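Notes to accompany the following structure.
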Amino acid sequence: MTTTRKRHPRIALSTAQLLLPIALVAVCAAPARAQAPLPSWHQGISEERKQRAQSLFDEARELHRRMMLAEARAKYEEALAFWEHPELRVYLGRALRSIGLPLLAHESLRLSLRWGPGSLDAELEQEARAALRALVERELASIEIRCDEPGAVVLMDGQPWFVGPGAGRRMVLPGEHVITARKSGYFTVVKPVVVLAGKEASGQLALSVDTVVTRQRWAAWIPWATLGAGAALGVAGGVLALGAGADHRTNQERIEDLCDPWCEPLDLAEDRDSVLENRLAIGAFIVGGATVITGTALLFMNRPQSTRTEDRGGVKVELRPAASLDAAGVSARFVF
């Protein structure tokens, strides 16, 4: 015969008391897990789009493994059109670096980290940051320009960049780049900036007003005063000449009265005075005429002349190591 062992009721009760809190915690935790917010790149994306992006991602990885990089790039970009996922950005960055497109690779890797820490698993995040640092220090350069002139349009290599007042910063390939600034009524600034890999060029851009200024050689009164002085001397010479003539005639009449019918000519003091007046009149005519000619020439030379203002605009650029975790060194200043 078999005997059945009965469980002690006290033990059964203790087990139930132990399991009950665990069950309650599990029941309460389940809704909390269900209500946890999804990462930002999940929000607003339908399951259909996610599945399509995953399918394209799988195809892209297979092409990448087979070193069909151009095709892999196209698939990664197509997948990103369905779903902007940070992991997709990292893989696209890998492909772009392998193709030899460091600028595009930098942009893709930067976008992979824009969601903040934890958006990628630790290994991928470390890879993305290391790749970004390597691109900045070895393969790319950056240019940062500030322009405080309101309404000034700033271009880089002929492409619109930003409108002042403000500043712009852009990663570029090493080499020469042309900074242009335009504004109506101002001189256009066109300056080449040469930047090396691992360096950052930063500086200030200034524009100067382009206008026409009317100027005269001398103050307007100077030629007119000279002309007036010449005319005054001419008038004075005329008065002296008239006086000398009148005195000479008077003296001649007196001589005729004293020498009737005939006598030696008399040297009268009055006649000497008329001769002096005549000489002074002739001098006044000569000097006055020369002064009038000078005043006329000054009037002609003092005509208003229009000139453009001087262009004092430009770009002052400082070249220094690019900003990175390991960047250090002394800045070298270059002014263009």
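Everything quoted here is computed from the prediction, not taken from an experiment. Only heavy atoms go into these numbers, but all of them, side chains included; no hydrogens, no water, no symmetry mates.
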Would E139 and R97 pass as an ion pair if we require N to O under 4.0 Å?
-> yes
Exercise: identify the closest heavy-atom pair between I145 and F162 | O-CZ, 3.5 Å
Heavy-atom check, side chain of L140 versus side chain of V172, under 4.5 Å = no
L155 versus W161: any side-chain heavy-atom pair under 4.5 Å?
-> no
Determine, step by step, whether L69 and M67 satisfy the side-chain contact (heavy atoms from CB on, under 4.5 Å) criterion, reporting the C-alpha distance in whole Å, the side-chain angles of both residues, the deciding distance to 0.1 Å, and the verdict.
-> CA-CA 5 Å; L69 299 177; M67 296 304 293; 4.1 Å; yes
With S142, the side chain to side chain contact (heavy atoms under 4.5 Å, CB included) member among K199, E200, R170 = E200
Answer yes if V195 and V190 sit in the same cluster of Ile, Leu, Val, Met, Phe, Trp and Tyr residues linked by side chain heavy atoms under 4.5 Å apart, and no otherwise.
-> no
Atom pair CH2 (W115) and CG (L120), whose distance is rounded to the nearest 0.5 Å = 11.5 Å
side-chain hydrogen bond (donor to acceptor under 3.5 Å, both in side chains) filter on R65, not counting sequence neighbours, yields E62
Would V136 and M171 satisfy side-chain contact (heavy atoms from CB on, under 4.5 Å), going step by step from the backbone distance to the final call?
-> CA-CA 8 Å; V136 168; M171 299 301 298; 4.0 Å; yes
Linking I/L/V/M/F/W/Y whenever any side-chain heavy atoms sit under 4.5 Å apart, do L80 and L103 land together?
-> no
Roughly how far apart are T188 OG1 and K183 NZ, rounded to 0.5 Å?
-> 12.5 Å
Applying side-chain hydrogen bond (donor to acceptor under 3.5 Å, both in side chains) to H177 and not counting sequence neighbours gives D157
Approximate separation, where rounding is to 0.5 Å, of R52 CZ and S46 OG = 12.5 Å
For the residue pair E127 and R94, establish whether any side-chain heavy-atom pair is separated by less than 4.5 Å.
-> yes
Residues which pass side-chain hydrogen bond (donor to acceptor under 3.5 Å, both in side chains) with E77, listed by chain and number, not counting sequence neighbours | R73
Spatial distance of atom CD1 (I45) from atom NE2 (H85) [nearest 0.5 Å] = 10.5 Å
Side-chain touch V189/I179, heavy atoms, less than 4.5 angstrom | no
Sequence neighbours excluded, every pair satisfying salt bridge (charged side-chain N to carboxylate O under 4.0 Å, His left out) that has a member inside residues 79-88 = E84-R89, E84-R114
Scanning both residues in full, the closest heavy-atom pair of A60 with A72 reads O-CB, 3.6 Å
If you group Ile, Leu, Val, Met, Phe, Trp and Tyr whenever their side-chain heavy atoms sit less than 4.5 Å apart, what else falls in with L111?
-> none
State, with a plain yes or no, whether a side-chain heavy atom of L132 is found less than 4.5 Å away from one of L113.
-> yes
So which heavy atom on A181 is nearest to which on L205, and how close?
-> CB-CD2, 3.4 Å
If you measure from CG on D58 to NZ on K75, what distance do you get to the nearest 0.5 Å?
-> 11.5 Å
In the hydrophobic cluster built from side-chain contacts under 4.5 Å, what are the other members alongside M68?
-> L63
Do L92 and L88 belong together in a cluster built from hydrophobic side chains that touch within less than 4.5 Å?
-> yes
Show me, pair by pair, the donor-acceptor contacts under 3.5 angstrom made by side chains of residues 226-242, not counting sequence neighbours?
residue: T226; atom: OG1; partner: I222; partner atom: O; Å: 2.9

Nearest-0.5 Å distance, OG of residue S208 to CD of residue E149 = 9.5 Å
Nearest heavy-atom pair of P165 and P150: which atoms, and what distance?
-> CD-CA, 3.6 Å
How about L56 and Q54: do any of their side-chain heavy atoms sit closer than 4.5 Å?
-> no
Closest non-hydrogen atom pair, G93 against A105 = O-CB, 3.7 Å
Working for side-chain contact (heavy atoms from CB on, under 4.5 Å), residues L104 and I99 = CA-CA 10 Å; L104 293 176; I99 292 172; over 6 Å; no
Return a table of donor-acceptor pairs under 3.5 angstrom between the side chains of residues 286-301 and protein atoms on other chains or two or more places apart.
residue: T291; atom: OG1; partner: V287; partner atom: O; Å: 2.8
residue: T294; atom: OG1; partner: A290; partner atom: O; Å: 2.9
residue: T296; atom: OG1; partner: V292; partner atom: O; Å: 2.9

Any pair counted as salt bridge (charged side-chain N to carboxylate O under 4.0 Å, His left out), so long as it reaches residues 40-49, sequence neighbours left out | E47-K50
May I have all residue pairs that pass ring pair (Phe, Tyr, Trp, His ring centres under 6.0 Å) and include part of residues 50-70, sequence neighbours excluded?
-> F57-Y91, H64-Y76
Min side-chain heavy-atom separation C147-L207 under 4.5 Å | yes
Sequence neighbours excluded, which residues qualify as salt bridge (charged side-chain N to carboxylate O under 4.0 Å, His left out) partners of R129?
-> E125
Please identify each residue that fulfils side-chain hydrogen bond (donor to acceptor under 3.5 Å, both in side chains) with D121, with sequence neighbours left out.
-> none
Tightest non-hydrogen contact, residues S119 and P86, listed as O-CG, 3.7 Å
